[in-house]
There are 2 protein chains.
Amino acid sequence: MKRKITLKHIARELDVSISTVSKALKNSEEIGRDTKDKIQAFAKLYNYRPNNIAISLKNKRTKNIGVIIPDIVHHFFTTVFRGIEHYANARGYNVIVCVSDESFDKEVINMEMLANGSIDGFIMALSAETQLKNDYNHLKEVTEQGIPLVLFDRVTDEIQCDKVIINDEEAAYRAVENLIELGRKKIALVTTENYLNVSAKRAEGYRRALKDNNISFDENLVLQLPYQMEEESMSEAFFKNQKFDALLCVNEIFAVKCMGLARKYNKRVPQDMACIGFTDGILSKYSTPSLTSVDQHGELMGETAAQMLIDKIESDHGENDEEQFETKIISATLIERGSTLSNS
Amino acid sequence: MKRKITLKHIARELDVSISTVSKALKNSEEIGRDTKDKIQAFAKLYNYRPNNIAISLKNKRTKNIGVIIPDIVHHFFTTVFRGIEHYANARGYNVIVCVSDESFDKEVINMEMLANGSIDGFIMALSAETQLKNDYNHLKEVTEQGIPLVLFDRVTDEIQCDKVIINDEEAAYRAVENLIELGRKKIALVTTENYLNVSAKRAEGYRRALKDNNISFDENLVLQLPYQMEEESMSEAFFKNQKFDALLCVNEIFAVKCMGLARKYNKRVPQDMACIGFTDGILSKYSTPSLTSVDQHGELMGETAAQMLIDKIESDHGENDEEQFETKIISATLIERGSTLSNS
DNA sequence: TTGTATGCGTTATCAA
DNA sequence: TTGATAACGCATACAA
């Protein structure tokens with residue numbers, strides 16, 4: 001077993017001091033040609049690599065960023081994560097992921113673990129429970145310690161920090177307008193409980209679009225499902241009792257499920273019921289018919305968040321001057337497919 | 001800004017030595033009641049937390065594990081990751097993820113970065129390119145350094161280490177038998193290039209099942225698609241030219257795409273063409289018809305891998321005795337749905 | 001009961 | 001041109 005070699009080993013072996021070795025390996029001008037050559041050759045031979053941990057301790061920089069997301073088996077978060085990972089890697093950072101499982105406690109525990117020196121900054125999306133409790137003390141503590149934080153997608157106004165979001169309200173607005181342009185009059189909304197701020201935003205856009213187009217808002221056309229829509233009864237009843245010719249769903253699973261129900265109740269998609277979902281994931285692409293959906297550009301969001309974070313981390317000498325925070329808005333785009341276009 | 005406090009701060013503030021503080025906070029019996037109380041109170045007040053990095057350096061244990069996977073926007077890997085993350089967290093470990101993007105070079109770079117002290121062990125699935133090149137020197141180096149490694153799913157015989165796999169060959173065998181029991185005679189296989197060892201295994205199972213049931217193997221009934229099946233021409237031709245009444249696909253995307261093609265060529269699923277896929281992901285559940293598929297139990301695989309890894313890490317005093325490696329096999333199970341069951 | 005010294009691996013300052 | 005020393009934050013063997 002070839003154990004990792006350290007500066008000390010090299011120094012001892014070559015009968016020089018540790019600091020000489022250190023300098024030689026950094027190609028310092030201070031060290032003589034011969035000594036440098038000798039040391040460098042030896043280091044290469046034994047494949048010397050500096051120990052990251054020691055360097056972290058010395059520099060007070062880990063080159064790690066912490067990512068905390070509610071769920072990992074989830075197309076959108078996964079996409080964002082990919083963007084973060086790519087960008088971070090390109091700038092020499094590694095990514096430590098913790099999954100909160102939509103739990104407040106886990107979110108808090110994970111943050112505290114990582115905040116004790118393991119990472120240089122956080123990127124996170126709030127768990128559902130955190131948003132429900134409206135308790136952000138763990139975020140406050142972290143920012144007060146001077147650890148940079150970037151929130152994405154599931155954000156809160158309670159915390160002053162960089163943020164990356166999509167224009168949910170407007171995306172929903174445009175989706176509904178799109179349906180109206182297709183001649184739809186009775187447009188239903190399928191959403192989650194309102195404490196998820198993205199859902200709330202989307203509902204606002206939905207209402208505003210109706211209003212701007214002189215369609216009166218009908219509460220009966222809003223179906224609010226629990227986040228993990230497991231039992232079908234609510235949606236079954238909705239399909240039985242309500243009349244509508246179009247559907248806006250706040251995620252693609254709801255949308256695909258609803259298209260299934262439409263089939264069951266003999267509504268053709270898109271002829272009798274057009275359908276638009278949020279999250280342009282794998283389901284949208286491969287469902288039958290394929291689903292028109294709002295692409296949230298997760299990868300771009302991730303890259304953007306990572307860039308904001310790393311920029312802040314690396315400019316952190318300015319701990320005195322007034323902190324300036326930014327909220328970047330990623331423009332969602334509508335990908336039109338079979339569920340609204342009859343010629344597909 | 002409340003900067004992180006250290007032992008040294010406390011010591012200075014309370015006019016005691018650093019080691020006294022250290023012991024007091026560990027509730028050591030050596031320290032007097034009063035001093036202990038004083039120190040503990042102070043530490044609590046200022047929310048003292050030991051610095052992870054310093055502890056890592058001291059203990060030569062990071063409590064981090066490195067996970068390297070080919071892709072993160074991928075249901076199966078994501079599921080495995082969840083299992084790893086859950087288990088690791090429960091045992092006090094954090095997870096650093098690197099994505100190889102199916103690239104050999106990235107895999108190597110990522111491993112080397114993490115191997116320099118950032119992690120206590122690796123869990124990984126080989127990238128496609130690595131399997132294609134058949135070059136495992138980066139894995140060898142890591143294991144030779146005494147860093148524990150667990151491979152899962154995409155493994156290789158070239159490396160001696162712990163492994164977790166599913167019984168791919170048998171799962172495919174059983175899937176085909178299932179189709180035969182349903183009365184299917186001409187069963188096609190849709191697979192990827194063979195350098196992906198899982199695909200190869202599945203193809204073996206397919207052939208063995210045919211043989212055991214006296215169905216002659218017909219090369220024309222095997223469709224081999226590039227990994228990222230973007231152009232449709234090959235599969236279109238296949239559907240036009242070949243006759244078959246059942247399909248085994250090595251992943252769910254292929255399966256769903258094929259069901260789409262079946263529709264296009266007026267084959268009813270499952271009546272005219274039954275279909276089974278691998279990876280019981282979101283597509284299988286929500287496709288129309290829903291897809292019968294082989295559940296690889298990714299989460300269990302992840303937990304198992306994490307357990308093997310952490311057990312090895314924590315038993316690592318035994319660096320002298322002969323290393324014993326294990327390969328655990330997770331039993332895949334067939335989830336029957338609409339694509340093989342006509343009554344659904 | 002408390003404190004001193006040393007080490008983990010590295011870098012940086014200063015002295016030789 | 002090289003080396004001794006201190007420091008990063010913590011833990012511990014050993015002294016006092």
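Each chain gets a letter, A, B and so on, in the order the sequences are listed, and its residues count up from 1.
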Tell me the interatomic distance from B/Arg61, atom CZ, to D/dA11, atom P, rounded to whole angstroms. 16 Å
Mind checking what makes side-chain hydrogen bond (donor to acceptor under 3.5 Å, both in side chains) contact with A/Thr78, not counting sequence neighbours? none
Tell me yes or no: between the side chains of A/Asn94 and A/Lys63, is some donor less than 3.5 Å from an acceptor? no
Does the side chain of A/Thr20 get closer than 4.0 angstrom to OP1 or OP2 of D/dT2 through an N or O atom? no
Does any pair with a residue in residues 38-50 of chain B pass salt bridge (Lys or Arg N to Asp or Glu O under 4.0 Å), and if so which ones, sequence neighbours excluded? none
Please name all residues satisfying side-chain hydrogen bond (donor to acceptor under 3.5 Å, both in side chains) with A/Asp37, sequence neighbours left out, ordered by chain then number. A/Arg33
Angle between terminal axes - the helix from C/dT1-D/dA16 to C/dA16-D/dT1, 5 pairs each end, rounded to 10°: 60°
With sequence neighbours left out, the residues meeting ring-ring contact (aromatic ring centres under 6.0 Å, His included) with A/Phe325 are none
Contacts of type side-chain hydrogen bond (donor to acceptor under 3.5 Å, both in side chains), residue B/Lys23, not counting sequence neighbours: B/Glu30
Rounding to an integer number of Å, can you tell me how far B/Leu25 CG sits from D/dT12 P? 13 Å
All side chain to side chain contact (heavy atoms under 4.5 Å, CB included) counterparts of A/Asp34, not counting sequence neighbours: none
Those residues of residues 27-42 of chain B lying under 4.0 Å from DNA chain D by at least one heavy atom: none
By side-chain hydrogen bond (donor to acceptor under 3.5 Å, both in side chains) - contacts of A/Asp135 (at least two apart): A/Asn137
Heavy-atom protein contacts under 4.0 Å, nucleotides 5-11 of chain C, coded B base, S sugar-phosphate only, - none: --BBBBB
Any side-chain hydrogen bond (donor to acceptor under 3.5 Å, both in side chains) involving residues 155-165 of chain B? Give me the pairs, sequence neighbours left out, ordered by first then second residue. B/Asp162-B/Lys312
Where at least one partner belongs to residues 22-45 of chain B, residue pairs that pass ring pair (Phe, Tyr, Trp, His ring centres under 6.0 Å), sequence neighbours excluded: B/Phe42-B/Tyr46
